[in-house]
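Read the structure below first, then the notes.
Since the model is a prediction, treat every value here as computed from it, not as a measurement. In what follows, chains are A, B, ... by sequence order, proteins preceding strands, each numbered from 1.
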Amino acid sequence: MSKEIVKPTTLPGFLELLPEDQILFNKIKDTIRQTYEKHGFIPIDTPLIEKSEVLLAKGGGETEKQIYRFTKGDTDMSLRFDLTVPLARFVAQHFQELTFPYRRYHIGKVYRGERSQRGRFREFYQCDVDIIGNGKLSVIYDAEILSIIYHTFINLGFEDFTIRINNRKILNGFFDSLNITNTADVLRSIDKLQKIGAKGVSSELIHIGLSTKVIDKILNFIKIQGSGEEKLQALISLNIENQTFKEGIEEISTVIGYVKSFGVPEKNYIIDLTIARGLDYYTGTVYETFLDEYPEIGSVCSGGRYDNLAEYYTTQKLPGVGVSIGLTRLFYQLKEAGLLGKNTPSTLTKVLVIPMDESFNEYSIKIANSLRENDIISEVYFGNVKIGKKLNYANKLNIPYTILIGEEEIKNWKVSLKDMTTGSQEIVTLDNAIKTLK
RNA sequence: GUGGGUAUAGCUCAGUUGGUUAGAGCGCCAGAUUGUGGCUCUGGAGGCCGUGGGUUCAAAUCCCACUAUCCACCCCA
């Protein structure tokens with residue numbers, strides 16, 4: 001062994017998959033894409049690298065710490081850390097060329113230089129859908145986004161999941177009425193209710209410096225229980241004279257009112273006053289989606305409504321609403337939870353064509369060509385190796401069928417079609433083989 | 001950014017109070033009469049025990065440093 005061999009490793013926080021998993025991953029990605037497209041969303045694909053001044057226009061906070069930033073020559077550039085900021089830039093830049101409301105989806109990798117830990121990656125896929133309005137955007141779209149989350153997870157094969165929704169205006173109005181100024185800190189604490197419990201939230205709020213009176217009110221607020229209707233009634237009966245608060249209630253009522261028309265069953269969504277979302281740019285509806293049987297996985301899809309998407313890039317007012325699925329984490333967690341299919345194939349190939357001898361290669365290639373013309377995924381195993389080894393290749397990759405080509409088959413213009421699961425084999429015409437394989 | 005683990009074969013891991021040629025399972029390769037895989041059997045390859053230093057007659061094992069990696073917190077998808 002040469003000492004010059006470089007140890008083949010990937011950087012921490014960068015996930016790569018073996019064939020079996022990659023096939024599953026792509027299936028999930030395709031399902032998400034198809035669902036988004038079915039709802040009329042238009043694809044975009046922005047550059048992975050953008051000017052740092054663009055990505056960091058907002059400035060401050062965690063982003064600057066976590067962004068991958070570098071220079072090439074005189075250009076200061078960075079890897080995108082989400083798909084929303086590039087969207088904002090895109091919409092502002094192409095404002096004149098786009099038609100509003102602009103519905104786009106974007107599935108792509110983003111980068112964050114975080115300390116890696118379980119289910120947290122430095123490179124990961126986000127699957128975003130957003131609807132951007134010009135000046136105004138009906139709140140009914142907030143209900144549609146909820147419906148898209150629902151249909152996406154249904155199409156992915158889930159049934160027991162809950163989309164939790166809330167409205168930032170309710171929270172902001174409520175905090176306003178209590179004269180709370182550091183709302184971001186309070187939101188973050190409340191958002192952790194599920195994780196740390198009421199006591200945990202309480203002690204965090206004390207730490208933040210709120211009076212016990214205010215804390216009691218907050219705790220009572222987040223404890224409001226019941227059906228959607230009951231929660232709304234409870235909120236109204238708080239009699240809070242605050243314009244923002246009232247708007248929030250009105251908006252969430254509208255959303256709940258329309259959700260039914262979109263065909264979302266009541267068991268799949270709920271008003272949850274503790275959902276806040278860490279991001280501070282949300283201004284209205286917010287969403288978090290949880291798998292009922294696996295709460296430990298955390299939110300698998302989240303997002304919300306924002307008033308002004310592109311304020312750093314244009315003076316146009318562009319409100320929008322959207323959500324994002326963290327696909328890499330979702331996939332990783334599903335795999336951890338054992339929710340991904342077992343014994344899945346390691347290839348997409350449906351049939352392996354095996355020439356018994358190298359002199360039958362050309363005939364085999366023709367067979368494979370015909371199979372492909374009939375949309376049957378097929379490949380030929382070339383090389384002067386034993387039949388056993390070729391069959392074993394099919395076996396290891398879980399290829400369901402093989403077609404064996406030898407003297408006998410060629411003489412009669414037929415093929416030997418072998419079912420690899422049962423082991424049965426028969427000599428048939430190519431047409432009949434195609435019928436079986438379809 | 002803060003705190004805590006771990007590091008032995010391609011993978012998952014054993015390895016006794018420090019003791020001589022470092023093990024298993026899976027995987028890989030080869031064979032069991034050369035037009036037939038899976039199952040079984042037999043054989044084989046593959047390890048500077050993360051790197052460097054220290055203690056000791058003796059270190060995979062104990063100590064220190066470094067590096068890598070994982071987990072939790074922060075934050076977030």
**Message:** What's the gap between B/rC57 and B/rG1 when it is taken at their C1' atoms, as a whole Å value?
**Reply:** 48 Å

**Rounded distance (Å) that lies between atom P of B/rC73 and atom CG of A/Asp191** = 14 Å

**Request:** Could you work out the separation of B/rC64 and B/rU12 based on their P atoms and round it to a whole Å?
**Result:** 27 Å

**Prompt:** What's the OH-P distance between A/Tyr287 and B/rA77, to the nearest Å?
**Reply:** 15 Å

**Message:** Measure NE2/A/His207 against P/B/rC74 and give the value in whole Å, please.
**Reply:** 12 Å

**Listed partners of A/Lys335 passing salt bridge (charged side-chain N to carboxylate O under 4.0 Å, His left out), at least two apart** = A/Asp21

**Asked** Does a donor on one side chain sit under 3.5 Å from an acceptor on the other, for A/Ser424 and A/Asp419?
**Response** no

**Asked** Does a distance-only test, which skips hydrogens and angles, find a donor-acceptor pair under 3.5 Å between the side chain of A/Glu114 and the base of B/rA77?
**Response** yes

**Message:** Please tell me if A/Lys396 has a side-chain N or O lying less than 4.0 Å from either OP1 or OP2 of B/rC28.
**Reply:** yes

**Message:** Among residues at least two apart in sequence or on other chains, which ones pass salt bridge (charged side-chain N to carboxylate O under 4.0 Å, His left out) with A/Lys223?
**Reply:** none

**Item:** Helical stems, RNA chain B - three or more consecutive Watson-Crick or G-U wobble pairs below 3.5 Å
**Value:** B:1-7 with B:67-73, B:10-13 with B:23-26, B:28-32 with B:40-44, B:50-54 with B:62-66

**Request:** Answer with yes or no whether A/Arg120 presents, from its side chain, a donor or acceptor under 3.5 Å of a partner atom in the base of B/rC75.
**Result:** yes

**Message:** According to ring-ring contact (aromatic ring centres under 6.0 Å, His included), does anything in residues 344-371 of chain A pair up with another residue at least two apart or in another chain? List the pairs.
**Reply:** A/Tyr363-A/Trp413

**Request:** Could you check whether A/Lys192 gets within reach of a base, just the sugar-phosphate, or nothing at all, counting any heavy atom under 4.0 Å?
**Result:** sugar-phosphate

**Prompt:** Between A/Phe121 (CZ) and B/rC75 (P), how many Å, whole number?
**Reply:** 21 Å

**Prompt:** Given atom CD1 of A/Ile28 and atom P of B/rA77, what is their separation to the nearest angstrom?
**Reply:** 20 Å

Between the protein and nucleotides 69-71 of chain B, list every N/O to N/O distance that falls short of 3.5 Å.
{"from": "B/rC70", "atom 1": "OP2", "to": "A/Ser116", "atom 2": "OG", "distance (Å)": "3.4"}
{"from": "B/rC71", "atom 1": "OP1", "to": "A/Arg118", "atom 2": "N", "distance (Å)": "2.8"}
{"from": "B/rC71", "atom 1": "OP2", "to": "A/Arg118", "atom 2": "N", "distance (Å)": "2.9"}
{"from": "B/rC71", "atom 1": "O5'", "to": "A/Arg118", "atom 2": "N", "distance (Å)": "3.4"}

**Item:** Per-nucleotide protein contact string for nucleotides 33-39 of chain B (B base, S sugar-phosphate only, - none; heavy atom under 4.0 Å)
**Value:** --BBBB-

**Request:** Rounded to whole angstrom, note down the C1' distance from B/rC13 over to B/rU17.
**Result:** 23 Å

**salt bridge (charged side-chain N to carboxylate O under 4.0 Å, His left out) contacts in which one or both residues fall within residues 34-50 of chain A, not counting sequence neighbours** = A/Arg33-A/Glu37, A/Glu50-A/Arg89

**Request:** For A/Tyr269, enumerate each residue passing the ring pair (Phe, Tyr, Trp, His ring centres under 6.0 Å) test, keeping only those at least two apart in sequence or located in another chain.
**Result:** none

**Item:** P gap between B/rG3 and B/rU8, integer Å
**Value:** 26 Å

**Asked** What residues form a salt bridge (charged side-chain N to carboxylate O under 4.0 Å, His left out) with A/Arg103, not counting sequence neighbours?
**Response** A/Glu144

**Asked** Partners of A/Thr429 by side chain to side chain contact (heavy atoms under 4.5 Å, CB included), sequence neighbours excluded?
**Response** A/Lys414, A/Asp431, A/Asn432

**Request:** Take atom CD of A/Gln66 and atom P of B/rA77, then tell me their distance rounded to the nearest Å.
**Result:** 10 Å

**Fill in**
Taken in chain and number order and not counting sequence neighbours, the residues that satisfy side chain to side chain contact (heavy atoms under 4.5 Å, CB included) with A/Ala92 are A/Ala310, A/Tyr313, A/Thr314

**Request:** Starting from P on B/rC76, measure out to CG on A/Asp185 and report it in whole angstrom.
**Result:** 11 Å

**Request:** Could you give the distance separating B/rU51 and B/rA68 at their P atoms, to the nearest angstrom?
**Result:** 15 Å

**Message:** How close do A/Leu83 and A/Asp128 get, counting heavy atoms only, and between which atoms?
**Reply:** CB-OD2, 3.6 Å

**Request:** Take A/Tyr125 and A/Phe25 through the test ring pair (Phe, Tyr, Trp, His ring centres under 6.0 Å) and record every step on the way to the result.
**Result:** CA-CA 11 Å; A/Tyr125 274 94; A/Phe25 183 92; 5.3 Å; yes

**Fill in**
What one should report as the nearest heavy-atom pair of A/Glu251 and A/Gly284 is OE1-CA, 4.2 Å

**Message:** Rounding to an integer number of angstrom, what distance separates B/rU42 and B/rU61 when you compare their P atoms?
**Reply:** 35 Å

**Prompt:** What pairs with A/Lys29 under salt bridge (charged side-chain N to carboxylate O under 4.0 Å, His left out), at least two apart in sequence or on another chain?
**Reply:** none

**Rounded C1' spacing from B/rG19 to B/rA58 in Å** = 7 Å

**Message:** Work out how far the P atom of B/rG31 is from that of B/rU36, and round it to whole angstrom.
**Reply:** 14 Å

**Spacing of A/Lys58 atom NZ relative to B/rC76 atom C1', expressed in whole Å** = 13 Å

